[in-house]
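All remarks here apply to the structure that follows.
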Amino acid sequence: MALDQAWLRLAGLRRALRQPQRALDAVHQALALAPLDFMALALRASLLERLAPDEAGRAWHEALAQRPSGELPAPLAMAVAAGERWHAEWSAKREARLDAAIGALCNGENSDRDWRITRMRNNVLRRTKPFRSCPTHFHYPGLVEREFHPRARFPWLPEFERATPIIRAEMEALLASGRAELLPYLQYEDHEALAQWRDLNRNPDWSAIHLLRQGNRIDVNAAACPATMALLETVAQPRIPGASPNAMFSLLAPGTTIPPHVGVNNTRLLCHLPLVVPPGCWFRVGAETRPWREGEGFVFDDTIEHEAANPSDRLRVVLIFDLWHPDLDSVEQEAVARIIASDGAV
């Protein structure tokens, strides 16, 4: 028997003998050897309910974070359920205390400052956790890392939103014509180390009608969408040989899920303009999940873990295009373009 388990058995024996402080001392010996052991953490929390009630809530907070998956044995499940109730009461008091501390510092204007304060609060409460930009290939240091970037940084976005009916009509006419060049969104060799994509590789369930692809205009598609192409000309898209600009209609089939993944390069952001969105479709970036809403665009960082789903029985269509991260000045943009182009665009 491992030494930590021996201490844990001793703790259980001492608790049965109604020696809670000695039982807690033994639990602490077990945790010194195995700090994340769920059984030890849960026993410690239950003992603190009697010995130090003010500390029991945080103790259950730590224990429940290590709860194993799957069904627990009946006696343990009952103890954990009681602990969850204790933890819920402690969490509610903690949340009220944090909100009182923040007070009027958040003014409800949905500013960057409000977002940062609120996200810190939610991270402390473990409602969210930190997500970082983790591009697969090209990382530029010092850029703001944020799942969804503030609309105020993209003054052209309302113009795209107002044009949603025109853009959607061009897309629908192109699809109906039968002349669209429609390709699976993902196409790579089977031997590549991309197992997360296996079910969607060369799969038309996630397809794209490219207007601009890795810097090239796809004439058969672009010619049918003059208004969309004119709007794209108003946006500062990256111009990197073999890499960008990119713009496409992304088609997600009914019942299709896109697994969590990250993008290639953090110097660009992506814009989504939803065109056809059945009920229930959602999109998660980092700690924030949003429903797509037709005609409501947003800009996000695709190098932060993200995923999507269309649980409906209808097709979902979104216009997607790339743009420079707004923190980059013109010299930095040129440097990034040269580095990516010289290294072989991905």
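Atoms considered below: every heavy atom in the structure, side chains included; atoms not considered: hydrogens, waters and symmetry mates. Given the structure is predicted, the values throughout are model-derived calculations rather than measurements.
- Between the side chain of Asn266 and the main chain of Tyr140, a donor-acceptor pair closer than 3.5 Å is present.
- Taking every heavy atom of both residues into account, Pro68 and Phe38 meet most closely at CD-CD2, 3.5 Å.
- The cluster map of Ile, Leu, Val, Met, Phe, Trp and Tyr, joined by side-chain heavy atoms under 4.5 Å apart, puts Ile218 and Ile320 in different clusters.
- In terms of modelled atom types and a separation under 3.5 Å, the side chain of Asn310 and the main chain of Cys281 share no donor-acceptor contact.
- A 4.5 Å side-chain heavy-atom check between Glu170 and Pro226 finds at least one atom pair inside the cut-off.
- Using a 4.0 Å cut-off between charged nitrogen and carboxylate oxygen, Glu89 and Lys93 count as a salt-bridge pair.
- Smallest separation of non-hydrogen atoms from Phe283 and Ala308: CD1-CB, 3.7 Å.
- For the pair Ser244 (side chain) and Asn246 (backbone), a donor-acceptor distance under 3.5 Å is absent.
- Contact of the Arg15 side chain with the Ser46 side chain is registered, since non-hydrogen atoms from C-beta on lie closer than 4.5 Å.
- Between Phe321 and Phe249, the ring center distance fails the sub-6.0 Å criterion.
- Expressed to the nearest 0.5 Å, how far NE2 of His210 lies from CZ of Arg217 amounts to 15.5 Å.
- Glu161 places a side-chain N or O within donor-acceptor distance of the main-chain N or O of Gly297, the cut-off being under 3.5 Å.
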* To do: Take Glu172 and Leu275 through the test side-chain contact (heavy atoms from CB on, under 4.5 Å) and record every step on the way to the result.
  => CA-CA 10 Å; Glu172 291 174 340; Leu275 303 176; over 6 Å; no
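- Here the CD-CG distance, from Glu49 to Leu51, works out to 10.5 Å after rounding to the nearest 0.5 Å.
- The aromatic ring centres of Phe300 and His149 sit 6.0 Å or more apart.
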* To do: Run the numbers on Asp327 and Arg153 for salt bridge (charged side-chain N to carboxylate O under 4.0 Å, His left out), then give the verdict.
  => CA-CA 10 Å; Asp327 287 355; Arg153 304 197 77 178; 2.9 Å; yes
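- A donor-acceptor contact closer than 3.5 angstrom links the side chains of Thr303 and Asp301.
- Counting only N and O atoms by type, the side chains of Ser133 and Glu145 include no donor and acceptor under 3.5 Å apart.
- Judged by distance alone, the side chains of Thr128 and Asn123 do bring a donor and an acceptor atom under 3.5 Å apart.
- Checked by atom type and distance alone, the side chain of His306 pairs as donor or acceptor with a backbone atom of Asp302 at under 3.5 Å.
- Residues Gln333 and Arg239 form no side-chain contact, since every pair of their non-hydrogen atoms from C-beta on lies 4.5 Å or further apart.
- Put simply, the side chain of Leu232 reaches to within 4.5 Å of the side chain of Phe160, judged on heavy atoms.
- In terms of heavy-atom proximity, Ala45 sits nearest to Ala56 at O-CB, 4.1 Å.
- Side chains of Met248 and Leu211 form no contact here, defined as non-hydrogen atoms less than 4.5 Å apart.
- Within the 3.5 Å criterion, the main-chain N or O of Leu252 finds no donor-acceptor partner in the side chain of Thr256.
- Using a 4.5 Å heavy-atom threshold, the side chains of Val80 and Arg67 count as touching.
- Linking Ile, Leu, Val, Met, Phe, Trp and Tyr residues whenever their side-chain heavy atoms come within less than 4.5 Å leaves Leu36 and Leu64 in two separate clusters.
- A salt bridge between Arg119 and Glu147 is present, with a side-chain N of the basic residue lying under 4.0 Å from a carboxylate O of the acidic one.
- Counting heavy atoms from C-beta on, the side chains of Val336 and Trp324 come closer than 4.5 Å.
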Considering only distance and modelled atom types, tabulate donor-acceptor pairs under 3.5 Å from the side chains of residues 22-35, sequence neighbours left out.
residue: Arg22; atom: NH1; partner: Gln19; partner atom: OE1; Å: 3.0
residue: Asp25; atom: OD1; partner: Gln21; partner atom: NE2; Å: 3.2
residue: His28; atom: NE2; partner: Arg44; partner atom: NE; Å: 3.1

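- Distance alone, capped at 3.5 Å, places no donor-acceptor pair between the His87 side chain and the Ala59 backbone.
- Atom SG of Cys271 sits about 7.0 Å away from atom CG of Leu319, to the nearest 0.5 Å.
- Taking 4.5 Å as the limit, some side-chain heavy atom of Gln237 sits within range of a side-chain heavy atom of Leu212.
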* Start with the C-alpha distance between Glu305 and Arg132, add both sets of side-chain angles, then the distance that settles salt bridge (charged side-chain N to carboxylate O under 4.0 Å, His left out), and finish with yes or no. => CA-CA 8 Å; Glu305 181 188 270; Arg132 302 301 306 272; over 6 Å; no
* Asked: Does the pair Leu174 and Cys225 meet the rule for a side-chain contact (heavy atoms from CB on, under 4.5 Å), with working shown?
  -> CA-CA 8 Å; Leu174 178 56; Cys225 303; 4.1 Å; yes
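- Smallest separation of non-hydrogen atoms from Trp60 and Gly83: CE2-CA, 3.3 Å.
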* Check the pair Phe298, Leu273 against side-chain contact (heavy atoms from CB on, under 4.5 Å), reporting the backbone distance first and the verdict last. => CA-CA 7 Å; Phe298 54 74; Leu273 180 66; over 6 Å; no
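- Residue Ile339 holds its CD1 atom at 10.0 Å from CG of Asn265, rounded to the nearest 0.5 Å.
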* **Worked check of side-chain contact (heavy atoms from CB on, under 4.5 Å) between Met171 and Val276** => CA-CA 10 Å; Met171 178 275 298; Val276 179; 4.0 Å; yes
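- Atom CG in Leu270 sits 6.5 Å away from atom CG in Asp322 (nearest 0.5 Å).
- Side-chain heavy atoms closer than 4.5 Å link hydrophobic residues (I, L, V, M, F, W, Y) into clusters, and following such links, even through other members, never connects Trp282 to Val277.
- With rounding to the nearest 0.5 Å, the separation of CH2 in Trp86 from CG in Leu48 is 9.5 Å.
- Formation of a donor-acceptor pair under 3.5 Å by the Arg284 side chain with backbone atoms of Gly286 is found in this model.
- For the residue pair Arg126/His61, the side-chain donor-acceptor check at 3.5 Å is satisfied.
- Grouping the Ile, Leu, Val, Met, Phe, Trp and Tyr side chains by contacts below 4.5 angstrom, directly or via other members, places Leu76 with Leu43.
- Under 4.0 Å is where a charged nitrogen must lie from a carboxylate oxygen, and between Arg316 and Glu294 no such pair does.
- Neither Leu125 nor Ile117 shares a network with the other; the hydrophobic side chains, linked directly or stepwise wherever heavy atoms of I, L, V, M, F, W or Y lie under 4.5 Å apart, form separate groups for each.
- Annotation: cation-pi geometry satisfied between Arg290 and Phe148 (NZ/CZ under 6.0 angstrom from ring centroid, within 45° of ring axis).
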* Dump the intermediate steps for salt bridge (charged side-chain N to carboxylate O under 4.0 Å, His left out) on Glu296 and Arg151, then the final yes or no. => CA-CA 11 Å; Glu296 293 186 16; Arg151 290 175 58 90; over 6 Å; no
* Asked: Where do Arg338 and Glu334 land on the salt bridge (charged side-chain N to carboxylate O under 4.0 Å, His left out) test, with the steps shown first?
  -> CA-CA 6 Å; Arg338 292 185 184 188; Glu334 180 62 25; 2.8 Å; yes
